[in-house]
Trainee: 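Take a look at this one; I'll ask things after.
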Amino acid sequence: MAAKKQQISLRDLARHLNLSTSSVSRALADHRDISEATKERVRQMAQELNYRPNQLAAALRRGHSKTIGVIVPHIKGYFFPAVMNGIEKVATLEGFNVLLCQSNEELRREQKNIETLLAAQVEGILVSVSATTFADMDHFEQVRRQGTPLVFFDRAPELPRSMAVVLDDFQGAYQAVSHLIAQGCKRIVHLAGPQHLNTSRNRFLGYKAALEAHGLPFQDDWVYSLPALTHDAGRLGMQHLLALEPPLDGIFAAYAIPSVGALEVLREKGLRVPQDIALACFSNEPFTTMTQPQMTVVDQRAEQMGETAVRLFLQLLKRGPSYEPPHLVLKPELIIRSSSLHQSQVAVELSESK
């Protein structure tokens, strides 16, 4: 295997030309103090040696890296990649590069991500915290002590004076469960996420509030806490909830991927969706339109969330650490599909699609 060719530095280029590094740097920058003959000689040698300037080093010499660090729990599925699209769109327009890290839902890896981004001298850090981040927040305090703008999105810890953009998860859950009740469901169970996450907790509270607002009882055993946000966890949860008496007639799931596992179990048991059991969930993943039936979902405004997170960073960068940070809440949208519709409405929907 051939050895990797060493990158030519500014110092190497200067040595080949028998010039000072400052003269070569000014020649490449088309400085007026350098003669045209020298500029042309430097450009030709740079081309011959395949010299590429270190843009990050140059930016740091100017005092700005023009780079934003982003930490996400994972880039599987639709939501976080869509958030990244929003982040990169606005960051690029504002002249910033984006450096992406994944925590893989692990606190220790999230801490290492922070160390890496601070070492890279990013100008700001945008974070959606891992599912295991709930007690130790020292790494975020380190960011703030260093004076680096910090913005949370989607999953935001309860830190004083923290800047965040989140969805109104409570309202999204309330709308979804109210819709199931309007379809005639009276015994609605909940596949719940980890309650230390603001997203999961607010979805649970919205579920509970919708039951109470419509005069339906809340029962602890109707809530299954998913051990992980996975397909297999959804299967386990559904198997557990199907053993309840009296039998359930509606499901509200806090996350989409476990909902697929739940649908599989219902199909294996010979139960029809929505005729026997109706289903609604977070979030609007592309695969939710490919299931049979298509899933009713709460859309999380993913791309808008990413765009807003960058704009919050830019405000903080401009106004400084004394700026009183806002906590922005985006409105959810309930997208109704056949997994939750009453049988007569499903028939109408199918006839209209023909």
Side-chain angles (χ1 to χ4, degrees), residues 67-103 122-130 149-157 159 162-176 179 193 197-203 205-206 229 253-257 259 280-289 294-319 323-337:
T67 302
I68 302 171
V70 181
I71 303 174
V72 295
H74 55 79
I75 53 172
K76 296 177 288 188
Y78 162 78
F79 178 70
F80 286 114
V83 172
M84 285 304 304
N85 282 340
I87 288 173
E88 290 199 314
K89 181 191 298 183
V90 177
T92 300
L93 285 174
E94 297 293 335
F96 283 85
N97 297 309
V98 176
L99 187 56
L100 173 64
C101 298
Q102 293 183 79
S103 68
V122 296
E123 292 197 53
I125 298 178
L126 316 182
V127 187
S128 186
V129 301
S130 82
L150 176 65
V151 179
F152 295 101
F153 61 91
D154 188 48
R155 303 181 187 177
L159 285 175
S162 62
M163 178 179 278
V165 53
V166 298
L167 187 79
D168 191 339
D169 291 284
F170 177 96
Q171 187 61 32
Y174 187 95
Q175 290 174 5
H179 164 70
L197 290 178
N198 60 303
T199 49
S200 301
R201 183 174 62 254
N202 289 328
R203 291 169 196 181
L205 293 173
L229 307 181
Y255 297 88
I257 292 176
S259 302
C281 69
F282 274 79
S283 61
N284 191 22
E285 301 271 351
F287 65 75
T288 59
T289 63
Q294 294 186 352
M295 292 189 202
T296 290
V297 298
V298 178
D299 186 87
Q300 294 173 268
R301 310 285 190 189
E303 193 158 327
Q304 183 184 356
M305 184 174 289
E307 293 172 2
T308 306
V310 178
R311 292 191 180 105
L312 286 178
F313 151 72
L314 293 170
Q315 288 181 28
L316 192 53
L317 187 66
K318 181 179 180 180
R319 303 190 189 189
Y323 175 51
E324 191 65 33
H327 195 86
L328 297 184
V329 181
L330 305 179
K331 292 183 179 180
E333 178 187 5
L334 181 65
I335 301 175
I336 298 172
R337 302 188 184 120

Trainee: List the atom of V166, the atom of A156, and the distance in Å for their closest heavy-atom pair.
Mentor: CG1-CB, 4.1 Å
Trainee: Test of understanding: with side chain to side chain contact (heavy atoms under 4.5 Å, CB included), list the residues that count as partners of I335, not counting sequence neighbours.
Mentor: N284, V297, D299, E333, R337
Trainee: Does the pair V310 and V151 meet the rule for a side chain to side chain contact (heavy atoms under 4.5 Å, CB included), with working shown?
Mentor: CA-CA 8 Å; V310 178; V151 179; over 6 Å; no
Trainee: Please assess R155 against N198 for the test side chain to side chain contact (heavy atoms under 4.5 Å, CB included), listing each intermediate value before the final yes or no.
Mentor: CA-CA 6 Å; R155 303 181 187 177; N198 60 303; 3.9 Å; yes
Trainee: Not counting sequence neighbours, which residues clear side-chain hydrogen bond (donor to acceptor under 3.5 Å, both in side chains) with Y255? List them please.
Mentor: T199, S200
Trainee: Measure the CG-CD distance between L316 and E123 for me, rounded to the nearest 0.5 Å.
Mentor: 12.0 Å
Trainee: Are the side chains of F313 and I87 in contact, using a 4.5 Å heavy-atom criterion?
Mentor: no
Trainee: Might you point out which heavy atoms bring T288 and A256 nearest each other, and give the distance in Å?
Mentor: CG2-CB, 4.3 Å
Trainee: Among residues at least two apart in sequence or on other chains, which ones pass side chain to side chain contact (heavy atoms under 4.5 Å, CB included) with A176?
Mentor: F252, A280, V298, L334
Trainee: Within this structure, what is the CG-CG distance for the pair L328 and L312, rounded to the nearest 0.5 Å?
Mentor: 4.5 Å
Trainee: Test of understanding: with side-chain hydrogen bond (donor to acceptor under 3.5 Å, both in side chains), list the residues that count as partners of Q315, not counting sequence neighbours.
Mentor: Y323
Trainee: According to ring pair (Phe, Tyr, Trp, His ring centres under 6.0 Å), who are the partners of F152, at least two apart in sequence or on a separate chain?
Mentor: F140
Trainee: When the side chains of residues 300-309 are checked against the rest of the protein, which donor-acceptor pairs come out under 3.5 Å, sequence neighbours left out?
Mentor:
| from | atom 1 | to | atom 2 | distance (Å) |
| --- | --- | --- | --- | --- |
| Q300 | OE1 | S283 | OG | 2.8 |
| R301 | NE | K331 | O | 2.9 |
| E303 | OE2 | K89 | NZ | 2.7 |
| E307 | OE2 | K89 | NZ | 3.2 |
| T308 | OG1 | Q304 | O | 2.7 |

Trainee: Give, for atom CG of L330 and atom CG of D154, the distance between the pair rounded to the nearest 0.5 Å.
Mentor: 10.0 Å
Trainee: Output side-chain donor-acceptor pairs under 3.5 Å for residues 71-84, partner residues at least two apart or in another chain, one line each.
Mentor:
| from | atom 1 | to | atom 2 | distance (Å) |
| --- | --- | --- | --- | --- |
| H74 | ND1 | K76 | N | 3.3 |

Trainee: Return a table of donor-acceptor pairs under 3.5 angstrom between the side chains of residues 91-100 and protein atoms on other chains or two or more places apart.
Mentor:
| from | atom 1 | to | atom 2 | distance (Å) |
| --- | --- | --- | --- | --- |
| T92 | OG1 | E88 | O | 2.7 |

Trainee: Can you list everything that forms a side-chain hydrogen bond (donor to acceptor under 3.5 Å, both in side chains) with D169? Sequence neighbours excluded, please.
Mentor: R203
Trainee: Which heavy atom of G193 sits nearest to which heavy atom of L229, and what is that distance?
Mentor: CA-CD2, 4.2 Å
Trainee: Rounded to the nearest 0.5 Å, what separation is found between the OH atom of Y174 and the NE2 atom of H179?
Mentor: 15.0 Å
Trainee: Closest heavy-atom contact between C281 and M295?
Mentor: SG-SD, 3.8 Å
Trainee: I'd like to check the side-chain hydrogen bond (donor to acceptor under 3.5 Å, both in side chains) partners of S128; sequence neighbours left out, ordered by chain and number.
Mentor: none
